[in-house]
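Remarks on the structure that follows.
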Amino acid sequence: MFNSSILSTFQDQETPFYYYDLALLQETLDVCKQAADRYNFHVHYAMKANFNQKVVEKIKDAGFGADCVSGNEVKQAIEIGFAKDKVVFAGVGKSDREINEALENDIFCFNVESVQELGVINELAAAAGKNAGIALRINPNVDAHTHHNITTGLEENKFGINHWELHDCVEALKELPNITLIGIHFHIGSQITNLSVFKSLCVKVNEIHRWFEERGHSIKILNVGGGLGIDYHQPDEKPVADFEEYFRIFDQFLERKAGQEVHFELGRALVAHSGTLISRVLYVKNGIKKHFLVLDAGMTELMRPALYQAYHKIENISRVEGDVVKYDIVGPICESTDCFGKEVEMPQSFRGDMIAIRSAGAYGEVMASKYNLRDQVKSVYSK
Ligand code: LLP
């Protein structure tokens, strides 16, 4: 159950809003950092998961780097104070303006997704009188066994360079003096809960790494991406992801040479459980076939259920007791997919009750939209 002792502090707040438990965020960061440090692994935070300023500041203070996927994310990371040599810029379609801004800021590395992009970065770096560090994002064709909309490492996906294109990349690099190959990069998908998938990734990375070594390219950085999933069904029982086991798999199965660095790009596992979307019941609609709770939050504030049929635990935090009723929990938006959960059991609920939609700290607030000209969703923080 969501910590309802803070309910009194919410009473005067206008809903909906995101509530961030900064103590839980800190604990999660500490556990992750300690586990990564044990193996001398480096973690860049995937800012796309949540770029809320307070959240990102905490992550920066905890010593993480930043993995950015737009020029604006690069800009924000640097403004918040991430060291430039800990900022990575990834993305399948970087514009010239974004590349130029990142070059001006002397970021650590561009994760490059095509042969064509190699040429563009080289040309822009030459014009700016710079040399850019790059990692090749390689599509390892490993199935992440997650929702098909958040799978990225298969040949049918738009991401990365396929193995049959590697030869062309290596040849192209010989003619591109303003970029330097420093790493190889992989990311196979998100919300991965079957950790054996990461073992398969290691096997593939080892194979591709050897391919480069055999051709005389020494690779300084092995970047294995992110994707560690969380338990959306048990936010209270498992508030912190199993970082220990996750890093242990890479330590055990990833072959690395002396002096070589291993980088990770974690997003969801660092921030998801510390965010909760708090909303109020506007109307209770009792039908013959269905009972609906109509909330003042909708898919405009949290899009994941509408987009991926994602599960989030939903609780009535105003009422612990009462006859249990099955409700479809819906939002006010004019779309039938504007539904947070179907047949959710909760105590009989009434207009004005506060509803918590749990584990919404990742890909929640940042994916909010203005559809229906809705207000920008607000944020409230624990002490
Ligand atoms: N690295 C790359 C190259 C990525 O594309 C992503 C996420 C990450 C790292 C971070 O992955 P994480 O550790 O958060 O799984 N909006 C979707 C998730 C999209 C993930 C996009 N890429 C959702 O709400 O489930």
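Side chains included, hydrogens not; waters and symmetry mates left out as well; all remaining heavy atoms used. First listed ligand is number 1; within each ligand, the first listed atom is number 1.
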Hey, is [X] touching ligand 1 through its side chain, its backbone, both or neither, going by heavy atoms under 4.0 Å?
X: Glu265; result: both
X: Ser190; result: both
X: Val69; result: neither

Q.
Going by the closest heavy atom to atom 2 (C) of ligand 1, which one wins out of His187, Met47, Arg137?
A.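 Heavy atom nearest to atom 2 (C) of ligand 1 belongs to His187.
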(Q) Which label fits Tyr246 and Phe198: parallel for a plane angle under 30°, tilted from 30 to 60°, or perpendicular past 60°? (A)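 The rings of Tyr246 and Phe198 stand perpendicular, inter-plane angle above 60°.
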Q) How are the rings of His42 and His263 set to each other: parallel, tilted or perpendicular (split at 30° and 60°)? A)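 His42 vs His263 ring planes: tilted.
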(Q) If I take atom CG from residue Leu181 and atom NZ from residue Lys220, how far apart are they, to the nearest 0.5 angstrom? (A)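 Rounded to the nearest 0.5 Å, the CG-NZ separation comes out at 12.0 Å.
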Q: Please confirm whether Met367 comes under 4.0 Å of ligand 1, counting heavy atoms of the residue only.
A: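 Contact present.
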If you measure every N/O of [X] against every N/O of ligand 1, is any gap under 3.5 Å?
X: Gly225; value: no
X: Arg304; value: yes
X: Gly226; value: no

Q) Any salt bridge between Lys75 and Glu101, counting N to O under 4.0 Å? A)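 Salt bridge flag = no for Glu101 with Lys75.
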Atom indices of ligand 1, in the order listed, that fall short of 4.0 Å to a heavy atom of [X]:
X: Leu266; value: 13 (O)
X: Gly267; value: 12 (P), 13 (O), 14 (O)
X: Gly227; value: 11 (O), 12 (P), 13 (O), 15 (O)
X: Asp67; value: 1 (N), 9 (C)
X: Ala46; value: 10 (C)

(Q) Quick one, Phe250 with Phe264, criterion ring pair (Phe, Tyr, Trp, His ring centres under 6.0 Å). Give me CA distance, side-chain angles, the key distance, then yes/no. (A) CA-CA 10 Å; Phe250 286 94; Phe264 293 81; 5.0 Å; yes
(Q) Measuring centre to centre across the rings, with the benzene-like ring taken for any Trp, is His44 within less than 6.0 Å of Phe64? (A)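 No; Phe64 has its ring centre 6.0 Å or more from that of His44.
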Q) So is Lys60 actually on top of Phe82's ring, under 6.0 Å and inside 45° of the axis? A)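 No, Lys60 does not sit over the ring of Phe82.
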Q.
Between Tyr232 and Gln191, is there a side-chain donor-acceptor contact under 3.5 Å, judged purely by atom types and distance?
A. no
(Q) If you compare all heavy atoms of Val87 against all heavy atoms of Ala77, which two are closest, and at what distance to 0.1 Å? (A) CG2-CB, 4.4 Å
